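See below for the structure under consideration.
Counting convention: from 1, in listed order, for ligands and their atoms alike. Small disclaimer: the values here were computed from a predicted structure and weren't measured.
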Amino acid sequence: MGLDKSPVDSLKGIGPALAGRLAKIGVHTLQDVLFHLPFRYEDRTQITPIAAATPGETVVLEGEIIACNIAYGRRRSLLAYLQDGTGRIALRFFHFTKAQQSNLASGRSIRCFGEVRRGAAGLEIYHPEYSQTATTELPDHFTPVYPSTEGISQQRYRNIVSQVLSLMKNGDLLVELLGNIETLFDTNINEALSLVHNPPQDVDLDALLAGQHVAQQRLAFEELLAHQTSLRLVRQEINKLAAPSFKGPGDDYSALISSLGYELTGAQHRVAKEIADDLARTSPTLRLVQGDVGSGKTVIAALSAVHAHENGYQSALMAPTEILAEQHFINLSNWLAPLGITTAWLSGKVKGKKREEELKSVANGEARVVIGTHALFQKDVHFDKLGLVIIDEQHRFGVHQRLALREKGKKNKFMPHQLIMTATPIPRTLTMSMYADMDCSVIDELPPGRSPVTTNVLPDTRRKDVVARVKSACSSGAQAYWVCTLVEESELVQCQAAEATHADLSAELQELNVGLIHGRLSAADKVEAMNRFKAGEIDLLVATTVIEVGVDVPNASLMVIENSERLGLAQLHQLRGRIGRGKAQSHCLLLYHPPLGETSRQRLNVLRESNDGFLIAEQDLKIRGPGELFGSRQSGSLQFKIADLVRDRHMLDEVTRIAQQLLVDNRPAARAIIERWIASPGEFSQA
Ligand code: ADP
Ligand code: MG
């Protein structure tokens, strides 16, 4: 495959220091250099007469330096005056060297490039790029500008790119892999990359800036194809492994259903059946169970664990946070103890003797269902016979963790079944692509008798009314959440904000018990705060977004969310899902800090008008984009170099079709494409 994966320091002029800086932006190999695409372009193809340069415009100017002095204003600077036949402009440098001073000496002819602005000396350009006029021809292409090349000048990066582009022209890099595949594109990878890094003057610049030029689409297509093909291939490999085939379900399973005190919804029945059918297979199940907040996923997890137990196998249920894990432990223990099924509890907080006991009962098989945080998968945890792994709220765990967990459960040619439960509604358009390795079930029905949460959007200038509302609700026996959010800030700052809000509200609402929960409390304190809230000892719980996932306190019927305009819709929907779980009518008050922009208004209105997570996700996708939908924390699950799931979603059907076809009739091509695009080939071969 030529030089594709050669390290960047194999190029002339790249030493360890520069290679280190390139590594920071994810550029390790020659191929990476080409896949680090420009995010905008500059037009340096024409010289603008100085008299025609206007403020705000980015221009190429050419002329003679007529004066060059050090100016002592508020800041010392080097000030040179450039003149052509039409006018004069000042070039100002706040940082400059002796060499620059002599390059810009009076009488020199130069060409420079930069943005025109109004300054103390009339029209000025700060820190223009410049060169001696005679040395270079004007480019006949647009000039690329690259994202985040910290510590590497644009000029330097462009030089690196052009070195690599010429290797590519010689045929030393990037063979065409889609050549025999019938696609929508009539451009090959080399043409596409040359165009994107070096677009000719007649290019459709708007399409290019929108990422919609056929060249970019061609590249994104190949990347998406690699991604899907690899997930499918991994799935095929897994299908070759053995898993225990479960008979049943049996009496315990039915007993659990009858003990619930409610009927399963139609959707719960359907999904439970889909899972039970899966578990009868002789190869490992890999199923994603999506269900909106409150749709009742926990009981589905419990039923499958019972099903495994009836067949002599243990289950592991993993949740992303201590609070959620403990809540699952309590629920499952309550359900399973009457059936004589022992549960075990492992989390960071379980230590010493207690932990040893739990580990022992996991190892000797006494514990049938083991519940915990990722502490479940530490080295010293040995299962007797693990047959089923259930992961709740999978979006907190990235794709990498997903693969690692699978490895953990794998022994020789054996692997446990795996269920993944998520409340993050993933638009159907994206599921196929992100989860091509899994089967999907959707619990698309809420338990009956819930009245949907009503939502209001209010400016924070009405805080006083909101506090009064909290007071009257809590005085009549309801409980409330007050969620403090500061997305941009560090966790520390968020927690401080929550502490301050807690102090304020405690003072304003002396007749209420006001509690506090945030990420920097110890695990034990968090759980205690949650338990006191659950027991009704706390009326109003001030919280950061730590409560976003899974917390279930049916008596809580009011939620106030501060700075709601700064959160993603999916996250707001998750938060709001903490209320509306009981019989009482619930209300959510979304506070914003005015003025509210048009997009934010639209977005918050979506929440006001809908309680349907899937619809909200689709709208969110339309208004913003998937980075937001999945949250930056979770971006690990969406690492593409070039593709963008939202922008490129029109290609997904075609990608799916070709991925399937390739795996049938051209596996070498499929492997070559995967090798090219997937971060580390090692990761892939393991899976
Ligand atoms: P999630 O899907 O968000 O994890 P949970 O499993 O926490 O939802 O269930 C939310 C609440 O709904 C719980 O209090 C649970 O006991 C209750 N619940 C679940 N299924 C039903 C049902 N079929 N009928 C009535 N209540 C149900
Ligand atoms: Mg849940």
Side-chain angles (χ1 to χ4, degrees), residues 253-254 256-275 287-306 317-336 338 369 371-373 390-397 419-426 440-453 479 481 530-531 533-536 546-557 559 570-584 586 611-614 616-617:
Y253 190 97
S254 316
L256 173 54
I257 294 179
S258 346
S259 75
L260 289 173
Y262 50 73
E263 294 286 317
L264 294 181
T265 62
Q268 283 172 314
H269 268 300
R270 192 191 66 241
V271 172
K273 169 94 169 59
E274 282 165 0
I275 295 170
R287 184 172 287 274
L288 180 71
V289 178
Q290 292 186 68
D292 211 340
V293 285
S295 61
K297 293 182 292 295
T298 319
V299 64
I300 300 295
L303 284 168
S304 10
V306 169
L317 170 58
M318 175 166 87
T321 66
E322 196 93 16
I323 296 178
L324 189 52
E326 169 140 355
Q327 194 168 299
H328 280 330
F329 176 66
I330 294 168
N331 282 331
L332 268 76
S333 309
N334 287 339
W335 282 327
L336 302 185
V369 183
I371 298 147
T373 56
I390 306 167
I391 303 174
D392 196 18
E393 307 296 354
Q394 105 99 12
H395 270 98
R396 291 294 185 92
F397 307 100
L419 293 180
I420 288 173
M421 313 252 174
T422 178
T424 305
I426 304 156
C440 273
S441 294
V442 184
I443 309 183
D444 51 4
E445 184 183 352
L446 291 181
R450 300 226 180 119
S451 32
V453 178
Q479 286 173 283
Y481 295 99
M530 244 8 266
N531 286 345
F533 188 55
K534 219 170 175 166
V546 295
I547 57 151
E548 156 191 351
V549 180
V551 167
D552 189 28
V553 179
N555 191 48
S557 59
M559 176 175 279
Q571 198 179 7
L572 287 170
H573 179 65
Q574 290 279 329
L575 282 168
R576 183 174 62 177
R578 301 308 112 215
I579 56 173
R581 301 187 147 236
K583 297 254 167 342
S586 293
N611 274 295
D612 175 346
F614 281 96
I616 291 169

Validation row: [X], [Y] side chains within 4.5 angstrom (heavy atoms):
X    : Y    : value
D292 : I443 : no
L575 : Y481 : no
L446 : T265 : no
D392 : M318 : no

Which residues satisfy the side chain to side chain contact (heavy atoms under 4.5 Å, CB included) test with S333, sequence neighbours excluded? F329, T343

With sequence neighbours excluded, tell me which residues meet side chain to side chain contact (heavy atoms under 4.5 Å, CB included) with I257.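 If we apply the side chain to side chain contact (heavy atoms under 4.5 Å, CB included) test to I257, skipping adjacent residues, the hits are Y253, L264, L303.
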
Taking distance alone, with no angle check, do G296 and ligand 1 share an N/O pair under 3.5 Å? yes

Proximal ligand 1 atoms for [X], defined as those under 4.0 Å from one of its heavy atoms:
X    : result
T265 : 23 (N)
E263 : 22 (C), 23 (N), 24 (N)
Q268 : 19 (C), 20 (N), 22 (C), 23 (N)
T298 : 4 (O), 5 (P), 6 (O), 7 (O)
S295 : 2 (O), 8 (O)
R581 : 3 (O), 7 (O), 10 (C)

Is it true that G294 lies under 4.0 Å from ligand 1, counting heavy atoms only?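 Under 4.0 Å: yes for G294.
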
If you measure from each non-hydrogen atom of L264 to ligand 1, which part falls under 4.0 Å: side chain, backbone, both or neither? backbone

Rounded distance (nearest 0.5 Å) linking atom CD of E326 with atom OG1 of T373: 11.0 Å

